[in-house]
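Input: a single structure, listed below in structure tokens.
What you see is a predicted model; the values in this text were computed from it and never measured.
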Amino acid sequence: MATPDRTVQGPVHAAKQELTETIKFLDWLWQTHHRTASQQDVSTWLTTGPTIRKAIRTFFIFAKKTGTNMRVEIGTTTPKAGLPYRRNNSLHG
């Protein structure tokens, strides 16, 4: 039987992961380049580490909605028949 604590456990954990990965990305970006994110920076970050790094996508959705960064796109990875595939889920539209 699900309890209120167990019901929110998954979403809370996912939110913590998104925040943690965003902080790691921003720290890496500053330590490495001392500037704001370019598409190349985001692509490098996503392709050179674990798949959990895709959690920074929420940050860029927020950045687009607030007008902070309109140029970065992050696709989503969705498993299909046991194999991951890239689906372009542009933040520009």
Find the distance between [atom1] ([X]) and [atom2] ([Y]) and round it off to the nearest 0.5 Å.
X: Ile56; Y: Leu19; atom1: CD1; atom2: CG; answer: 13.0 Å
X: Lys65; Y: Met70; atom1: NZ; atom2: CE; answer: 12.0 Å
X: Ile52; Y: Glu18; atom1: CD1; atom2: CD; answer: 8.5 Å

Can you find a pair of side-chain heavy atoms, one from [X] and one from [Y], that are under 4.5 Å apart?
X: Arg53; Y: Thr48; result: yes
X: Val12; Y: Gln17; result: no
X: Ile74; Y: Leu46; result: yes
X: Arg71; Y: Gln39; result: no

Would you kindly confirm whether Phe60 and Phe62 end up in one hydrophobic cluster when ILVMFWY residues are joined by side chain heavy atoms under 4.5 Å apart?
-> no
When hydrophobic residues are tied together by side-chain contacts of less than 4.5 Å, even through go-betweens, does Val72 share a cluster with Leu26?
-> yes
Of all heavy-atom pairs between Val42 and Ala37, which one has the smallest distance, and what is that distance?
-> CG2-CB, 4.2 Å
What do you reckon, is NE2 of His13 surrounded by more than 12 foreign heavy atoms closer than 6.0 Å?
-> no
Identify, with sequence neighbours excluded, every residue that meets side chain to side chain donor-acceptor pair (under 3.5 Å) alongside Thr44.
-> none
Relative to each other, are the rings of Trp45 and Trp28 parallel, tilted or perpendicular (30° and 60° limits)?
-> tilted
Test side chain to side chain contact (heavy atoms under 4.5 Å, CB included) applied to Lys24 and Glu21, step by step | CA-CA 5 Å; Lys24 287 179 185 178; Glu21 292 306 314; 3.3 Å; yes
Short side-chain to backbone donor-acceptor contact, Thr32 and Leu29, under 3.5 Å | no
